Amino acid sequence: MGCVQSFRELCDRQKNTNVRLSLPAVCIVWQTAMIILFGVFIRYNEESSPRWVEYRKAKNISSDIENDFYFRYPSFQDVHVMIFVGFGFLMTFLKRYSFGAVGFNFLIAAFGLQWALLMQGWFHSLDYSDGKIKIGIENLINADFCVAGCLIAYGAVLGKVSPVQLMVLTLFGITLFAVEEYIILDLIHAKDAGGSMVIHTFGGYYGLSISWMLYRPNLDQSSRLQGSVYHSDVFAMIGTLFLWMFWPSFNSAITDHGDGQHRAAINTYLALAATVLTTVAVSSLFQKHGKLDMVHIQNSTLAGGVAVGTAAEFMLMPYGSLIVGFCCGIVSTLGYIYLTPFMEKYMKIQDTCGIHNLHAMPGVIGGIVGAITAAAASESVYGHEGLINTFDFEGEFKDMVPTRQGGHQAAGLCVAICFGVGGVTQLPIWGDAADDNCFDDEAYWEVPDDEETFPQVPQYNNHMRNKDV
Amino acid sequence: MGCVQSFRELCDRQKNTNVRLSLPAVCIVWQTAMIILFGVFIRYNEESSPRWVEYRKAKNISSDIENDFYFRYPSFQDVHVMIFVGFGFLMTFLKRYSFGAVGFNFLIAAFGLQWALLMQGWFHSLDYSDGKIKIGIENLINADFCVAGCLIAYGAVLGKVSPVQLMVLTLFGITLFAVEEYIILDLIHAKDAGGSMVIHTFGGYYGLSISWMLYRPNLDQSSRLQGSVYHSDVFAMIGTLFLWMFWPSFNSAITDHGDGQHRAAINTYLALAATVLTTVAVSSLFQKHGKLDMVHIQNSTLAGGVAVGTAAEFMLMPYGSLIVGFCCGIVSTLGYIYLTPFMEKYMKIQDTCGIHNLHAMPGVIGGIVGAITAAAASESVYGHEGLINTFDFEGEFKDMVPTRQGGHQAAGLCVAICFGVGGVTQLPIWGDAADDNCFDDEAYWEVPDDEETFPQVPQYNNHMRNKDV
Amino acid sequence: MGCVQSFRELCDRQKNTNVRLSLPAVCIVWQTAMIILFGVFIRYNEESSPRWVEYRKAKNISSDIENDFYFRYPSFQDVHVMIFVGFGFLMTFLKRYSFGAVGFNFLIAAFGLQWALLMQGWFHSLDYSDGKIKIGIENLINADFCVAGCLIAYGAVLGKVSPVQLMVLTLFGITLFAVEEYIILDLIHAKDAGGSMVIHTFGGYYGLSISWMLYRPNLDQSSRLQGSVYHSDVFAMIGTLFLWMFWPSFNSAITDHGDGQHRAAINTYLALAATVLTTVAVSSLFQKHGKLDMVHIQNSTLAGGVAVGTAAEFMLMPYGSLIVGFCCGIVSTLGYIYLTPFMEKYMKIQDTCGIHNLHAMPGVIGGIVGAITAAAASESVYGHEGLINTFDFEGEFKDMVPTRQGGHQAAGLCVAICFGVGGVTQLPIWGDAADDNCFDDEAYWEVPDDEETFPQVPQYNNHMRNKDV
């Protein structure tokens with residue numbers, strides 16, 4: 001990480017937005033490092049290697065369709081869409097930062113998933129017989145999940161950081177994530193199918209702590225660009241809808257085969273539906289003339305999916321899912337109306353996308369719901385085998401009981417919050433930040449000159465924007 | 001439903017577009033009702049509950065992969081995309097009603113699917129042993145289907161109704177749908193895999209009858225906004241394409257496992273391909289200079305998917321699918337050119353999206369094609385078991401023969417039309433409607449001020465639009 | 001093909017962009033021909049016909065889930081999205097050619113897939129017992145693949161040809177493709193899962209050879225329209241991302257059940273991730289001020305998916321995939337910076353979308369990587385059965401060895417290049433082309449008048465654009 005710091009210094013020394021040396025250097029060097037580490041560590045697992053035929057026969061598996069690929073690939077592709085189109089387009093709402101939203105999201109997700117395969121692999125998929133990480137479809141899904149945590153954090157600093165800073169944010173974020181996840185899932189033995197705690201709570205607080213570090217007192221100098229235009233709001237709805245629609249796949253992607261995936265999808269579907277109605281209700285109620293605010297529709301409608309993440313695979317019951325969604329729509333929308341301005345004014349946290357309302361708070365709610373649902377589990381509801389399968393009361397945890405599992409869930413939530421807020425310890429490496437050039441694609445992108453689209457506009461303003469194509 | 005009416009009166013009394021009390025009230029009260037009803041009635045079925053392990057062993061099912069989830073989940077997600085992105089974006093073509101198109105589509109679909117789970121559940125999935133509705137992935141698909149009927153109806157009144165009216169339209173629409181579906185599929189024993197009759201014919205005529213009730217003689221006062229702009233037409237193509245691409249999933253989502261789903265997907269794929277060519281042909285032929293009209297490309301290209309809905313799982317044969325698509329592209333495009341203006345001028349039916357051409361007419365064609373294909377079925381083509389499986393000639397219908405099945409299909413079509421047109425009986429609850437404020441997001445949405453996007457436009461017009469953010 | 005020529009003459013005689021007779025005639029006549037040919041030749045195969053029940057029992061298949069539909073349908077739908085939304089929206093970057101990009105892509109893909117089902121069917125799926133082509137889900141995927149070759153070619157001539165010319169391009173392209181594919185896959189016995197050679201190399205050179213034939217020395221007359229605007233670049237990112245995300249499905253759609261599909265998806269996922277980083281690096285390094293160029297991000301980020309196409313199902317190893325992606329990001333971006341201007345200036349090849357950099361070069365790299373990987377295969381890595389399964393060393397090729405297979409792969413690549421460049425032999429049928437009206441939707445589409453979107457613009461310019469709606 002010494003090299004990280006030296007790149008940052010290189011960048012800071014120039015005191016401007018020129019990333020012509022630092023960005024290519026980071027991309028090339030880090031990608032080369034990935035290739036070397038993959039060469040040393042990463043191999044196919046028994047279901048993705050040509051030895052599957054022999055493995056299948058040895059394990060007496062009757063058909064290729066029982067390869068894990070067919071259980072998880074459709075969900076994987078949906079999750080992949082959420083990461084790249086969902087998160088990317090959700091952030092295109094700013095009038096002049098759509099390139100940065102979609103493009104940098106693309107960049108850091110592409111890097112993050114490689115680093116995540118390694119970090120998560122060392123913790124979860126290391127084959128001790130040969131020291132290699134063996135990967136299959138489930139690893140790809142987990143890498144996407146890990147990336148999601150960093151993309152959430154990006155939402156808090158959207159428009160205020162350089163792509164090099166984002167790469168550093170991702171490198172550290174993935175690393176923290178993998179450690180946190182190992183502690184929560186393996187050591188504490190908490191369950192977190194959709195990552196309410198591991199992904200959303202952690203990612204939310206990680207982003208907020210970085211945004212606090214990068215506080216810009218004069219951000220209102222960029223306020224001209226800190227809003228949406230009509231079509232940018234429609235673009236953002238593409239992100240919203242793909243996140244909303246595919247969230248059942250997100251929460252069910254790595255749950256147990258069979259009823260586990262089935263139930264997680266149903267619970268998420270229901271929670272999200274309820275969230276839409278309460279979001280609309282609160283948005284209308286708290287605005288002059290009852291007009292709806294696109295910010296709420298774009299974001300708060302998703303809060304139910306976050307909050308049902310942990311408990312999606314438990315017996316939350318359909319009405320339970322609706323209740324969770326109902327509450328989160330209200331909490332999240334009120335957060336946008338009251339909490340975000342409060343945090344900016346009094347706590348020096350500028351949260352561009354309002355990730356506190358969409359991820360952090362609903363994530364905490366999700367952790368609590370998960371703990372309660374786990375503690376309330378019983379054999380009469382789950383059946384004997386069902387209870388063991390759902391909570392993995394096996395191996396060293398075979399004497400676990402639901403009430404104690406509830407306590408472990410709560411402990412997991414605390415760890416997630418601590419790791420998120422703990423991002424603050426990285427303070428030294430984040431330099432000062434200039435206040436202008438925020439929310440403007442001009443800083444890092446070749447932006448096309450738009451005059452030709454509107455032939456009816458008089459010609460005297462053709463050369464008002466300096467272009468250096 | 002008394003409460004519905006009182007909300008409407010509340011809203012009407014104000015004689016304007018302010019929905020600040022009525023919209024939140026409807027959303028909160030109805031969502032609360034959903035939670036209570038779900039609490040009383042809805043439970044997981046044996047494939048989504050933790051008792052699946054025991055069920056599997058009892059039924060001697062060899063692998064988790066035979067859980068219905070894996071047969072239907074990919075299709076479900078595609079259908080989900082059609083409902084939210086497909087229908088939502090298809091309606092964004094208006095220059096200033098994209099928020100309303102995507103946003104209200106989102107709202108009513110999220111409410112509708114909950115109510116549909118209940119209504120369809122009472123008719124189809126009630127477990128008489130304990131009085132509960134047991135849901136699984138197939139119920140989610142059917143709920144989405146049910147919602148589709150209401151979204152079709154929304155197309156007819158797009159831009160002319162308030163969100164509260166849309167919620168009422170959805171409540172009544174879902175209720176009628178569930179009754180109609182029960183009569184057609186269960187009592188009459190018609191088959192309708194892709195819902196040509198049940199969804200499209202019903203939804204089309206339901207929307208048209210409501211549009212007739214809400215006739216606005218002075219709608220041309222809003223004509224300034226009743227068109228598209230360049231980018232809104234591109235947004236609408238997102239809707240068109242996601243509907244077009246995923247239609248094979250729509251028509252195959254709830255057909256029989258194995259060849260039933262396989263064949264339905266192939267037939268739909270082919271019918272849609274043929275429709276594109278004849279739509280382009282007719283659109284070019286009937287325009288000055290042979291230029292293509294985006295309205296036709298956005299809508300009529302989908303007519304083949306509608307029309308092949310009923311017969312998709314039958315032995316329609318690949319060339320049969322092409323013929324159906326061929327005809328529908330022509331009929332639908334001619335409908336846009338001649339019928340829509342005629343209906344507005346002489347029948348007082350203002351059909352914003354032209355659902356008569358995209359859903360109602362092709363739906364009727366689909367019903368007829370289904371009846372003919374069913375009547376022509378024979379054991380020599382289907383095989384003995386194949387015929388029984390495809391048409392469910394089992395139980396009380398085990399003496400059914402194909403020709404009689406054809407008659408039942410025709411009867412089903414008539415029921416669908418009657419229920420659709422029967423929407424007119426709701427006349428009393430729909431108040432008068434003002435003629436201004438149509439097709440304008442300003443009425444119900446906080447719309448961003450766009451001037452900053454175009455820095456080259458002189459500054460003297462900064463404050464021409466009243467904003468009350 | 002005499003009729004093709006006569007339509008072209010009909011069109012040329014009018015010396016303008018009026019396609020009012022030619023376009024409808026081509027669409028109706030060709031679609032009718034399709035119906036007749038489908039009637040004569042195309043039937044359902046045993047997995048999509050109602051006789052599946054009997055077939056299943058005869059073959060002792062234990063469950064419907066082993067129908068090929070469930071192995072391939074999710075991938076098919078992803079490929080379908082790539083063809084219609086991916087390719088379509090990728091080309092919307094031009095400021096005034098979005099209708100043509102999405103719309104003509106839609107038209108030629110819908111025609112192409114029908115013709116591809118026939119052409120590929122005659123070569124690969126003909127049932128000699130009854131002279132019929134038996135189709136199932138794999139045929140639909142292959143038809144989409146075949147169409148992809150033509151859509152790649154469309155990229156080279158985007159904005160410079162009429163829809164009738166595009167239909168001819170597609171008819172010839174599909175025909176050449178099917179022959180080339182038969183030679184490469186069946187006669188030479190090369191493997192090409194993701195079509196690096198068969199689809200991308202062929203499609204790339206086919207498009208370039210047609211672009212060379214249609215060289216317009218005065219194209220700079222349209223240069224006013226030969227760029228993007230802000231929102232058109234965001235639309236293009238929709239295409240980029242759906243191609244990028246679903247490319248693992250593309251490369252794994254028709255590979256072997258089980259580990260074949262699994263491994264192909266992993267390799268493609270990794271190669272694409274690496275490409276993003278090197279594309280960003282090179283784009284930033286070679287621009288003034290280090291600003292990123294949207295053209296590179298939209299296109300070069302996809303090169304890794306192209307280049308890993310052939311070897312995706314082999315034991316390329318995860319680090320091997322990263323290396324391929326690493327190199328292709330660099331090569332492709334440098335191609336956009338240096339090669340495209342060079343080719344236009346000195347070789348008379350105007351390549352609108354830069355398909356040489358995105359498809360042709362990465363395709364050739366993919367062919368070479370495939371040859372090397374195949375030649376290096378060994379039983380110690382693949383296992384005895386794995387080697388036979390992966391390379392189909394069966395039947396008449398059961399004595400094949402990996403090194404010789406490498407030679408066959410190289411031969412396949414040469415055939416693909418020859419067939420692509422061989423498109424030049426069609427020179428006589430492509431008439432001269434006018435230099436104006438390029439890159440302008442006005443030529444073939446009814447384009448809405450945009451003034452109403454911008455109410456703040458003074459009214460004196462309302463009637464500057466001639467409309468004939």
Side-chain angles (χ1 to χ4, degrees), chain A residues 18-20 23-24 27-28 30-31 34-35 38-39 42-44 47-54 62-65 67 69-70 73-74 77 80-81 84-85 88 92 98-99 102-103 106-107 110-111 113-114 135-137 140 231 235 238 444-448 450 452-457 468, chain C residues 62 65-66 70-71 74 78 95 224-225 227-231 233-234 237 241 244-246 249 257-259 261-263 265-266 269 273-274 276-278 280-281 284-285 287-294 297 301 315 318-319 322-323 326 382-383 385-387 389-390 451 454 457 461 464-465:
Chain A
N18 193 328
V19 290
R20 193 173 174 185
L23 182 58
C27 288
I28 296 287
W30 293 12
Q31 185 58 57
M34 287 302 121
I35 291 174
F38 269 61
I42 305 242
R43 297 292 178 272
Y44 305 112
E47 299 193 281
S48 58
S49 94
R51 295 187 185 278
W52 159 252
V53 196
E54 296 159 19
S62 66
S63 164
D64 279 330
I65 197 83
N67 190 306
F69 183 78
Y70 301 102
Y73 190 70
Q77 274 295 2
H80 218 39
V81 172
F84 290 90
V85 162
T92 56
S98 301
F99 292 3
V102 171
F106 194 15
L107 171 64
F111 165 68
L113 62 86
Q114 298 177 54
I135 62 169
I137 188 72
L140 306 194
H231 281 156
F235 276 120
I238 296 175
Y444 303 110
W445 296 85
E446 299 285 347
V447 177
D450 272 14
E452 287 294 345
T453 349
F454 317 114
Q456 61 271 55
V457 172
D468 38 32
Chain C
S62 67
I65 197 83
E66 295 183 53
Y70 301 101
F71 285 93
D78 294 347
K95 60 184 72 169
R224 187 180 59 92
L225 293 170
S228 62
V229 288
Y230 195 74
H231 281 155
D233 268 330
V234 182
M237 280 304 291
L241 288 175
W244 194 92
M245 296 179 305
F246 287 161
S249 295
H257 290 175
D259 64 288
Q261 291 196 281
H262 205 148
R263 191 164 56 253
I266 294 173
Y269 173 90
V276 175
L277 273 90
T278 51
V280 167
S284 176
L285 195 62
Q287 301 280 354
K288 255 192 238 169
H289 303 297
K291 290 186 184 187
L292 297 169
D293 190 325
M294 260 299 185
I297 307 300
T301 50
M315 286 296 275
Y319 65 88
L322 290 183
I323 292 170
F326 187 96
Y382 288 75
E385 273 191 274
L387 190 67
N389 287 344
T390 305
E451 87 260 19
F454 317 114
V457 173
N461 48 35
M464 283 180 62
R465 284 166 61 208

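Predicted model only: the values in this text are computed from it and were never measured. We name chains A, B, ... by the order of the sequence lines, and we start the count at 1 in each one.
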Per-residue contact mode, [X] against chain A (heavy atom under 4.5 angstrom):
{"X": "C:Ser62", "value": "neither"}
{"X": "C:Tyr382", "value": "both"}
{"X": "C:Ser284", "value": "both"}
{"X": "C:Glu66", "value": "side chain"}

Measure distances from [X] to the heavy atoms of chain C and classify the residue's part below 4.5 Å as side chain, backbone, both or neither.
{"X": "A:Phe106", "result": "both"}
{"X": "A:Asn67", "result": "side chain"}
{"X": "A:Phe84", "result": "both"}
{"X": "A:Ile238", "result": "side chain"}
{"X": "A:Glu47", "result": "both"}
{"X": "A:Phe99", "result": "both"}

Between A:Thr92, A:Ile42, A:Ile135, A:Val81, which has the largest tally of heavy atom pairs under 4.5 Å with chain C? A:Val81
Select, from A:Ser48, A:Cys27, A:Pro74, A:Gly103, the one with the greatest count of heavy-atom pairs under 4.5 Å involving chain C. A:Ser48
Heavy atoms only, distances under 4.5 angstrom: which of C:Pro318, C:Gly386, C:Gly383 has the most pairs with chain A? Name it, please.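 That would be C:Pro318.
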Verdict with reasoning, A:Trp445 to A:Ser98, per side-chain contact (heavy atoms from CB on, under 4.5 Å): CA-CA 10 Å; A:Trp445 296 85; A:Ser98 301; over 6 Å; no
Are [X] and [Y] packed together at the side-chain level, in the sense that at least one heavy-atom pair is separated by less than 4.5 angstrom?
{"X": "C:Leu292", "Y": "A:Leu23", "result": "yes"}
{"X": "A:Phe111", "Y": "A:Met34", "result": "yes"}
{"X": "C:Met315", "Y": "C:Thr390", "result": "no"}
{"X": "A:His80", "Y": "C:Trp244", "result": "yes"}

Keeping the roles fixed (side chain from A:Gln114, backbone from A:Ala110), state whether a donor-acceptor pair exists under 3.5 Å.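 The answer is yes, because a donor-acceptor pair under 3.5 Å joins these two groups.
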Is it true that a side-chain atom of A:Tyr444 and a backbone atom of C:Gly290 form a donor plus acceptor pair closer than 3.5 Å?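 Not confirmed, A:Tyr444 side chain does not pair with C:Gly290 backbone.
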Ring centroid separation C:His262 to A:Tyr44 under 6.0 Å: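 Between A:Tyr44 and C:His262, which both carry aromatic rings, the centre distance is not below 6.0 Å.
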If you round to the nearest 0.5 Å, how far is CG of A:Asp64 from CG of C:Asp259? 7.5 Å
